Amino acid sequence: MKLNTKHRHSGTRRRPITRPIAAAFLGATLLTGCQQTNQFLFIGDLASAYNREIWWMSVWAIVLSIIIFVGVSYALFYTVNKFREDRHDAPPAQFHGNNRLEVILVAVPVVIVFGLSILTVRTMAILNPTPAQATKIDVLGKQFWWNFAYPETTSDAGGVVTNGNEIIMPTKQPVALTITSGDVIHGFWAPNIGGQRAAMPAVKKTWQIDTTRAGVYQGNCSQLCGGSHANMRYKVVALDQDRYNTTLAAMKAYRAPEPAPGSAEARGYALFMQGKASTQAVACAACHRVQGTPAAGAAGPDLSFFGTRRTLGAGMWEAMTADRWAEPKAKEHLHEWIKHSPTVKPGSLMPTYDGSEYLSKGQKLKGGVLTDTEIDDISAYLRSLKLPEEADYWSGTPNYGANASGGTQ
Ligand code: CUA
């Protein structure tokens with residue numbers, strides 16, 4: 001029960017490229033040792049059909065390449081050896097105009113390329129179509145966060161069920177993602193689930209994913225998209241069918257709990273909905289949606305289930321204890337985030353609430369002011385936005401996507 005509150009600051013430290021690769025192999029080793037720890041980030045994760053197809057295509061391509069390599073090497077050494085100068089006085093016979101040889105020399109590469117093409121086309125034909133009965137999830141990438149919507153599930157309180165930065169999907173069945181972007185080009189990439197897909201503005205790409213193993217997997221934006229590209233993470237939470245159904249049903253029925261009059265949550269609710277005009281503090285509801293309340297903003301991530309979520313700032317922080325954002329260190333991060341998110345996450349479009357200046361799409365703006373107590377009230381309100389216990393999709397789900405050692409539950 002350790003807390004992972006690793007703070008990622010883009011620009012201050014670059015992650016060495018060897019780390020994810022090393023982590024992948026280390027993760028794979030640990031996983032085979034039946035140990036649930038650390039990050040298992042692996043493009044060869046055969047629990048996903050996408051990775052399986054790519055894996056076997058690669059194996060065939062590599063086997064073919066080895067055969068070709070051995071054949072060509074043999075021919076080369078044979079020729080060099082046979083026609084060594086010290087064994088022949090006369091120049092070798094010329095074969096210019098030998099039609100049979102030329103046909104063979106063209107035909108063999110054509111056959112090889114054709115064979116490799118068949119492998120590729122076959123894999124594409126398997127992976128590209130999305131079956132009609134697939135679970136549909138809409139993916140929206142924005143600077144610098146993700147929204148995941150379930151277009152087939154309209155909540156009882158109105159509006160489509162949506163979750164920010166944590167995508168919940170069923171295992172052992174195809175999931176059809178429709179991926180797009182609200183601004184620049186992003187990349188949807190959860191290595192364990194499959195390859196990458198670009199999230200492009202005004203373009204909707206459909207893509208099928210699946211996995212046979214329940215668990216939490218790490219997702220990243222894979223397309224350089226601005227100052228906080230590295231802080232544009234998400235979690236893929238794959239749940240077995242029963243749990244998935246329970247969770248989605250609870251999300252559908254969810255209405256944000258009404259805070260008790262006079263409580264910190266109630267004060268936070270008021271600030272969330274109205275802001276504070278006397279100090280120019282903008283209402284959170286202007287940009288965020290909370291299901292079952294008047295808050296219907298779409299500029300920022302959906303916060304309906306914030307209290308159940310374990311990531312903050314699009315995976316910038318993780319709170320992996322059962323207390324989540326009530327754990328002292330995590331609570332501190334949440335406070336910092338509300339207070340001045342553009343300071344802790346470059347490029348964040350949230351206003352500051354400590355009166356400091358910040359850049360928003362190249363424009364210098366000045367945030368309103370909330371006191372630390374008021375920020376804590378908003379934090380209390382956010383933490384109260386919880387799904388019922390049986391729909392807590394994190395609880396008991398093996399976490400293969402933790403960002404640091406000890407990041408398990
Ligand atoms: Cu979005 Cu990189």
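Position 1 is the first residue of the sequence; numbering continues from there. Keep in mind it's a predicted model, so treat the numbers as computed, not measured. These values consider heavy atoms only, across backbone and side chains, with no hydrogens, waters or symmetry-generated copies.
- The shortest side-chain heavy-atom distance between Glu166 and Trp394 falls under the 4.5 Å cut-off.
- With rounding to the nearest 0.5 angstrom, the CD1 atom of Ile338 is 9.0 Å from the CG atom of Leu370.
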* Using the salt bridge (Lys or Arg N to Asp or Glu O under 4.0 Å) rule, take Lys339 and Asp372 through it: C-alpha gap first, then chi angles, then the decisive distance, then the call. => CA-CA 8 Å; Lys339 191 170 182 173; Asp372 281 342; 3.3 Å; yes
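- Asn192 places no side-chain N or O within 3.5 Å of a backbone atom of Gln218 that could act as its donor or acceptor partner.
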* Asked: Between Asp302 and Arg289, does a salt bridge (Lys or Arg N to Asp or Glu O under 4.0 Å) hold up when you go through it step by step?
  -> CA-CA 5 Å; Asp302 192 306; Arg289 173 176 180 265; 2.7 Å; yes
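- Side-chain contact between Lys331 and Arg383: present, with at least one pair of heavy atoms (C-beta onward) separated by less than 4.5 Å.
- Under the 4.5 Å side-chain criterion, counting only non-hydrogen atoms from C-beta, Val160 is not in contact with Asp138.
- For the pair Thr352/Pro342, a side-chain contact is recorded, criterion being any heavy-atom separation below 4.5 Å from C-beta on.
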* **Audit row: Met169, Ile137, side-chain contact (heavy atoms from CB on, under 4.5 Å) steps and yes/no** => CA-CA 8 Å; Met169 62 176 269; Ile137 304 177; 4.3 Å; yes
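- Ser181 contributes no side-chain N or O that, together with a main-chain N or O of Ile185, makes up a donor-acceptor pair within less than 3.5 Å.
- Among all heavy-atom pairs drawn from Tyr50 and Ile193, the shortest one is CB-O, 3.9 Å.
- For the salt bridge (charged side-chain N to carboxylate O under 4.0 Å, His left out) criterion with Glu318, the lone passing option out of Arg310, Arg309, Lys235 is Lys235.
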* **Working for side-chain contact (heavy atoms from CB on, under 4.5 Å), residues Trp337 and Met350** => CA-CA 9 Å; Trp337 178 257; Met350 232 171 98; 3.7 Å; yes
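- Remark: the Asp323 side chain and the Thr321 side chain contain no N/O donor-acceptor pair separated by less than 3.5 Å.
- Tested against Phe305, the residues Leu387, Thr247, Thr162 include a single side-chain contact (heavy atoms from CB on, under 4.5 Å) partner, Leu387.
- Distance check: Leu248 CG to Thr153 OG1 gives 4.0 Å after rounding to the nearest 0.5 Å.
- Between the side chain of Tyr150 and the backbone N or O of Ile168 there is at least one donor-acceptor pair closer than 3.5 Å.
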* List the steps, then state whether side-chain contact (heavy atoms from CB on, under 4.5 Å) holds for Tyr358 with Ser341. => CA-CA 9 Å; Tyr358 66 99; Ser341 109; over 6 Å; no
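- In summary, Arg122 and Glu53 engage in a salt bridge, as defined by a charged side-chain N under 4.0 Å from a carboxylate O.
- Here the side chains of Trp325 and Leu312 are in contact, with some heavy-atom distance below 4.5 Å.
- The NZ atom of Lys142 lies 10.5 Å from the OG1 atom of Thr180; values are rounded to the nearest 0.5 Å.
- A distance-only check finds no donor-acceptor pair linking the side chain of Gln223 to the backbone of Val184 [under 3.5 Å].
- A donor-acceptor pair is defined here as one N or O able to donate and one able to accept, closer than 3.5 Å; no such pair exists between the side chain of Thr178 and the backbone of Thr206.
- The backbone N or O of Asp156 sits nowhere less than 3.5 Å from a side-chain atom of Lys252 that would complete a donor-acceptor pair.
- Closest heavy-atom contact between Thr293 and Ala256: CG2-CB, 3.5 Å.
- Residues Pro170 and Val175 are in side-chain contact: their nearest non-hydrogen atoms beyond the backbone lie under 4.5 Å apart.
- With no hydrogens or angles considered, no side-chain donor-acceptor pair links Asn98 and Glu102 at under 3.5 Å.
- Residues Arg213 and Asp45 are in side-chain contact: their nearest non-hydrogen atoms beyond the backbone lie under 4.5 Å apart.
- By the neighbour-count criterion of 12 heavy atoms within 6.0 Å, atom CD of Glu258 is sparsely surrounded, having that number or fewer from other residues, nucleotides or ligands.
- With Ser348 contributing its side chain and Lys345 its backbone, the two residues share no donor-acceptor pair below 3.5 Å.
- Contact detail for Phe272 and Leu382: the closest heavy-atom pair is CE1-CD2, 3.9 Å.
- At least one side-chain heavy atom of Tyr381 sits less than 4.5 Å from a side-chain heavy atom of Val290.
- In plain terms, the two heavy atoms of Asp377 and Arg267 that are nearest each other are OD2-NE, 3.0 Å.
- Using a cut-off of 4.0 Å between Lys/Arg side-chain N and Asp/Glu carboxylate O, Asp240 and Lys172 are scored as salt-bridged.
- Between atom CZ of residue Arg100 and atom CG of residue Leu105 there is a gap of 11.5 Å, rounded to the nearest 0.5 Å.
- Residue Ala47 comes nearest to Asp210 through the heavy atom pair O-OD1, 3.9 Å, listed as atom of the first residue, atom of the second, then distance.
- The NE2 atom of His186 lies 6.5 Å from the CH2 atom of Trp146; values are rounded to the nearest 0.5 Å.
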* For the pair Phe306 and Leu334, evaluate side-chain contact (heavy atoms from CB on, under 4.5 Å) and give the outcome as yes or no after the intermediate values. => CA-CA 11 Å; Phe306 182 85; Leu334 179 54; 3.7 Å; yes
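- A salt bridge does not link Asp392 with Lys386: none of the charged nitrogens is closer than 4.0 Å to a carboxylate oxygen.
- A distance-only check finds a donor-acceptor pair linking the side chain of Gln208 to the backbone of Pro129 [under 3.5 Å].
- Tyr393 and Asn163 make their closest contact through OH-ND2, 3.1 Å (heavy atoms, listed as atom of the first residue, atom of the second, distance).
- In this structure, Tyr254 contributes its side chain and Ser304 its backbone to a donor-acceptor pair below 3.5 Å.
- Between atom CH2 of residue Trp60 and atom CG of residue Leu119 there is a gap of 8.0 Å, rounded to the nearest 0.5 Å.
- The ring of Phe148 has its center closer than 6.0 angstrom to the ring center of Tyr234.
- Listed for the Ser58 side chain is a donor-acceptor partner under 3.5 Å among the backbone atoms of Ile54.
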